[in-house]
2 protein chains.
Amino acid sequence: MDFNSKYGKCPIYYTISKIQGKWKWVILYKLYKSKMIRYNRLWNDLKPIAHRTLSKQLKELEADGLVHREQYNEVPPRVEYSLTEDGKTLAPILELMSDWGAKHIDSDTEN
Amino acid sequence: MDFNSKYGKCPIYYTISKIQGKWKWVILYKLYKSKMIRYNRLWNDLKPIAHRTLSKQLKELEADGLVHREQYNEVPPRVEYSLTEDGKTLAPILELMSDWGAKHIDSDTEN
DNA sequence: CCGTATCCGTGCCGATACTG
DNA sequence: CAGTATCGGCACGGATACGG
């Protein structure tokens, strides 16, 4: 494996590097399930996430072309987030990750 | 979504929390593809990873029951790592992540 | 060969307060 | 409502050296 170039030519390393951050996968999953969701709704669903964190990770996802941001100049302001076409290609991974987690939460004795 | 309990009852959050760490997905992928691999081989393939990092993440994966460690008391010592049955259930995700990365590395203009 | 010990930088992330 | 600004802690991970 060659890590000299930026993403090391290791496909899976590229993927996890691109979607790094404690909440990014969860954010993507939420957007995937909601199709479209307002900032505050997202924030409430993901609480206890901090504003700064949510905002920053959304911005990064947007810059990476995975998330689309639509702003309506109303009063009060409204902003809706959704997956881009590129972002939607992650859907199978999101589903599998969620399924895997669901199966293993149960088998954990605690909780 | 409820994050009061340890894993917040959010399956995908559980998954990424369990497999957190800059290299864990790559390590798992390597083990998946190799079936079984010696420590030094792994270290070479993942270079520039630090010993401390590789060792620690392997230990955590072992503690989480995803990776099996087999030690042979020879001279020189030999240790082989492989996926447990539980670890193998991640295979579809590993495949998809790798595929996704492969597709998107190409479409990145740089590199 | 296969790690652990030690030390240390930095980058992520959270709390809180403030703005258009 | 939808964020940004500022500040700070701390956990993660890297370099290096040493041990079984």
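Everything numeric here is computed off the predicted structure, so don't read it as measured data. Just so we're on the same page: letters track the sequence lines, and every chain starts at 1.
- Nucleic acid contact for B/Gln57: sugar-phosphate only, since backbone atoms but no base atoms lie under 4.0 Å from a heavy atom of the residue.
- Legend: ring pair (Phe, Tyr, Trp, His ring centres under 6.0 Å) pairs involving residues 62-82 of chain A, not counting sequence neighbours: none detected.
- Using modelled atom types, one finds a donor on one side chain and an acceptor on the other under 3.5 Å when comparing A/Glu95 with A/Tyr32.
- Comparing atom distances between the A/Pro77 side chain and each of C/dA15, C/dG3, C/dG20 picks out C/dG20 as nearest.
- Summarising the geometry, the separation between CD on B/Glu80 and C1' on C/dG3 is reported as 16 Å, rounded to the nearest angstrom.
- Closest of all the heavy-atom pairs between A/Leu66 and B/Trp100 is CD2-CZ2, 4.0 Å.
- Ranked by how close their nearest DNA chain D nucleotide is to the 5' end, A/Pro76 and A/Ser55 are led by A/Pro76.
- Between A/Tyr13 and B/Trp23, the distance from one ring center to the other falls under 6.0 angstrom.
- Here A/Thr53 reaches the OP1 or OP2 of C/dG14: one of its side-chain N or O atoms lies under 4.0 Å away.
- One atom, CD of A/Gln71, and another, P of C/dG20, lie 15 Å apart when rounded to the nearest Å.
- Heavy-atom contacts of chain A under 4.0 Å fall on DNA chain D between two terminal nucleotides, which in 5' to 3' order are D/dC1 to D/dT6.
- The phosphate of C/dG3 has OP1 or OP2 within less than 4.0 Å of a side-chain N or O from B/Arg69.
- Between B/Gln20 and B/Lys59, the residue anchored nearer the 5' end of DNA chain C, judged by the nucleotide with its closest heavy atom, is B/Lys59.
- Note that NZ of B/Lys30 and CG of B/Asp45 are 4.0 Å apart. Values are rounded to the nearest 0.5 Å.
- Considering A/Thr84, A/Val79, A/Leu61 in turn, A/Val79 is the only one that fulfils the side chain to side chain contact (heavy atoms under 4.5 Å, CB included) rule with A/Arg69.
- OP1 or OP2 of C/dC2 sits under 4.0 Å from a side-chain N or O of B/Arg38.
- C/dA15 atom P lies 10 Å from atom CH2 of A/Trp43, rounded to whole Å.
- Nearest heavy atoms, B/Pro92 versus B/Lys88: CD-O, 4.4 Å.
- Heavy atoms of A/Tyr72 sit nowhere under 4.0 angstrom from any nucleic acid atom.
- Candidate nucleotides C/dA5, C/dC1, C/dG14 were compared by shortest atom distance to the side chain of B/Arg52, and C/dA5 ranks first.
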